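Everything on this sheet refers to the single structure shown next.
The structure presented is a predicted model; accordingly, all values stated were derived computationally and were not measured. In what follows, chains are A, B, ... by sequence order, proteins preceding strands, each numbered from 1.
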Number of protein chains: 2
Amino acid sequence: MAETAGNGRTGTKGAQLRSYLLGLIEGELKPHEKLPTERDLAETFGVTRLTVRRALDQLGYEGRVYRTQGAGTFVSEPRIAKSVELTSFTQDMRARGLVPGSLDTVVEEIPAGAEIGARLALSPRDLVAHISRVRTADGEPMCIENTYVPAKLAPGLAARGITGSLYQMLTETYHLKIEKAEQSIHATVLDPPLAKLLGVPEFSPAFKVLRVAYDAKNQRIEYAESVYRADRYSYDFVIFRTSRDNTN
Amino acid sequence: MAETAGNGRTGTKGAQLRSYLLGLIEGELKPHEKLPTERDLAETFGVTRLTVRRALDQLGYEGRVYRTQGAGTFVSEPRIAKSVELTSFTQDMRARGLVPGSLDTVVEEIPAGAEIGARLALSPRDLVAHISRVRTADGEPMCIENTYVPAKLAPGLAARGITGSLYQMLTETYHLKIEKAEQSIHATVLDPPLAKLLGVPEFSPAFKVLRVAYDAKNQRIEYAESVYRADRYSYDFVIFRTSRDNTN
DNA sequence: GCAAGTGAGTGGTATACTCCAATTGCACCA
DNA sequence: TGGTGCAATTGGAGTATACCACTCACTTGC
């Protein structure tokens with residue numbers, strides 16, 4: 001049952017290869033160093049070049065490597081947190097080497113109401129579990145999070161309460177695996193009560209993030225509204241030109 | 001074989017297929033309607049299923065379709081601007097149905113200096129073309145943009161001046177095609193002079209966006225610092241869980 | 001010495017085929 | 001009538017192979 005440890009030989013060959021390549025990137029190789037060629041990787045791992053390509057393409061999307069036809073595949077400069085990946089606050093902080101925590105956690109079961117209902121595609125009268133908490137990193141407030149999960153997907157969640165990672169609980173207790181999310185990021189300023197919760201001056205800049213998360217079956221699992229301190233947070237990512245758009 | 005009529009027969013088969021599928025998505029099909037099966041598409045276009053899959057996967061990444069094993073591929077709800085794509089301000093506004101413009105355009109050639117030099121991997125003494133302008137949408141200020149391009153990549157740019165799209169000029173005059181960019185988004189508030197330029201109250205919230213753009217050969221083409229009005233701008237995108245990370 | 005040319009090696013695109021895993025609808029049975 | 005189980009269908013993962021386009025280091029010729 002336990003999810004077969006971290007970077008080992010989990011799942012598909014592609015995933016194994018990915019783990020190996022991530023090891024190379026984060027361990028042995030330095031930025032701008034060349035990875036083995038696709039053909040070499042294919043041979044040493046006993047897989048097709050296509051399988052290797054899929055893994056490398058994925059890493060390219062995430063900005064961890066860059067590829068140049070005729071030359072090779074190279075490690076990117078580490079610089080930026082990859083916000084193109086879907087992570088929970090817990091994961092996110094751990095990736096940054098910080099210890100995640102929560103303050104003032106409140107869990108309650110309430111009717112969805114018009115707005116939350118619309119976000120989660122529920123009737124306004126349907127019940128949702130509402131988790132409200134101040135998230136901390138190394139003990140310092142980082143963001144205010146209001147999360148809503150349809151009660152029928154996670155029965156008893158409100159009674160059970162939340163200790164650590166909501167995502168972990170959703171996965172392990174309710175077998176709800178979030179695979180995709182739509183996220184909308186706004187800039188705002190903190191009104192006095194929020195500023196106080198986050199321990200920053202009034203009217204400090206902040207991010208407001210709205211997120212609707214789905215599982216593999218495109219079922220809505222979670223709606224979250226978060227407010228992040230701008231002084232400790234930024235969104236960094238790599239974007240690509242898709243194909244031949246001529247329109248400049 | 002008979003070039004199945006009209007649908008942009010540009011470039012690779014994958015690109016042609018993509019054009020056709022985009023036509024379907026934006027034209028005939030409504031959200032949540034089913035696309036043809038991979039096998040059907042492969043047959044009717046005379047390509048391999050793998051080629052079809054690549055095109056569909058790409059559209060999946062962009063959030064335009066969603067796929068469910070055993071069921072099919074479906075059109076996503078249109079909702080959100082896909083900021084996962086790399087676009088110029090000009091393209092971006094046109095995509096939103098607005099007319100892009102510029103105010104107070106200043107183009108000058110100056111030494112890069114320490115910060116800009118570092119961003120563009122130049123010596124601080126190397127010259128860069130600096131373009132400063134207020135970008136407008138339907139005549140109203142949307143953002144303040146400061147762009148820097150290495151002078152040696154675009155000789156004479158400062159003298160020539162900018163009329164419309166910088167990206168268009170870079171492509172057509174200097175054959176510099178931007179393929180990738182690293183972007184960092186911060187939340188901030190507008191100090192009085194900036195607020196005045198954008199025509200909003202002082203200390204209004206805003207996005208500050210830093211961007212380093214590269215061409216296909218990973219050569220740095222552009223560094224841009226932009227400040228966007230938060231009341232008229234948000235970042236909306238779709239993110240995916242990459243693979244089976246266990247760490248929740 | 002230095003520029004032009006060339007060829008091996010690299011990633012990019014595509015074919016043709018195979019098996020697996022999840023979904024869904026329909027036939028069948030209780 | 002109301003499940004229930006099976007089979008067809010669909011997307012997911014992979015193998016084996018071929019050829020193209022671009023890069024880059026090395027050779028060659030001046």
To the nearest Å, how far apart are B/L17 CG and C/dG12 C1'? 17 Å
How is A/G46 classified with respect to the nucleic acid when contacts are heavy atoms under 4.0 Å: base, sugar-phosphate, or nothing? sugar-phosphate
Check every strand shown and say whether A/L50 touches a base, only sugar-phosphate, or nothing at a heavy-atom separation below 4.0 Å. base
Whole angstrom is fine here: how far is it from CZ in B/R18 over to P in C/dT13? 13 Å
Without swapping roles, check the side chain of B/Y174 against the backbone of B/L157 for a donor-acceptor pair under 3.5 Å. yes
From the options C/dA22, D/dT15, C/dT15, select the nucleotide whose nearest atom is closest to the side chain of A/T51. D/dT15
A/D57 CG to D/dA13 P: how many Å, rounded? 14 Å
Considering only side-chain heavy atoms of B/K13, which listed nucleotide, D/dG12, C/dG12, C/dT15, is closest? C/dT15
May I ask you to say what B/T37 touches in the nucleic acid, namely base, sugar-phosphate or nothing, with a heavy-atom cut-off under 4.0 Å? sugar-phosphate
For a quick test of reading the model: is some side-chain N or O of A/T73 closer than 4.0 Å to OP1 or OP2 of C/dG11? yes
Closest to side chain of A/T12, choosing from C/dG12, D/dG14, C/dT15: D/dG14
Between C/dA21 atom C1' and B/E38 atom CD, what is the distance in whole Å? 14 Å
How close or far is atom P of C/dG12 from atom CZ of A/R54, stated in whole angstroms? 15 Å
I need the CZ-P distance between A/R39 and C/dA8, as an integer number of Å. 14 Å
Closest to the B/K34 side chain: D/dC22, D/dT15, D/dT10? D/dT10
Does the ring-ring contact (aromatic ring centres under 6.0 Å, His included) test come out yes or no for B/Y61 and A/Y61, once each step is laid out? CA-CA 10 Å; B/Y61 264 112; A/Y61 265 111; 4.5 Å; yes
Quick one: which of D/dT15, C/dA21, C/dA14 gets closest to the side chain of A/V47? D/dT15
Tell me the interatomic distance from A/F74, atom CZ, to C/dG11, atom C1', rounded to whole angstroms. 10 Å
Does the ring-ring contact (aromatic ring centres under 6.0 Å, His included) test come out yes or no for B/H130 and B/Y223, once each step is laid out? CA-CA 10 Å; B/H130 170 209; B/Y223 172 63; over 10 Å; no
Provide, to the nearest angstrom, the distance between the CZ atom belonging to B/R49 and the P atom belonging to C/dT18. 13 Å
Winner on side-chain proximity to B/A71, out of D/dG14, C/dT15, C/dT24, is C/dT24
Compute the ring centroids of B/F89 and B/Y167, then answer whether they are less than 6.0 Å apart. no
With a cut-off of 6.0 Å (strictly less than), are more than 12 heavy atoms of other residues, nucleotides or ligands near CD of B/E33? yes
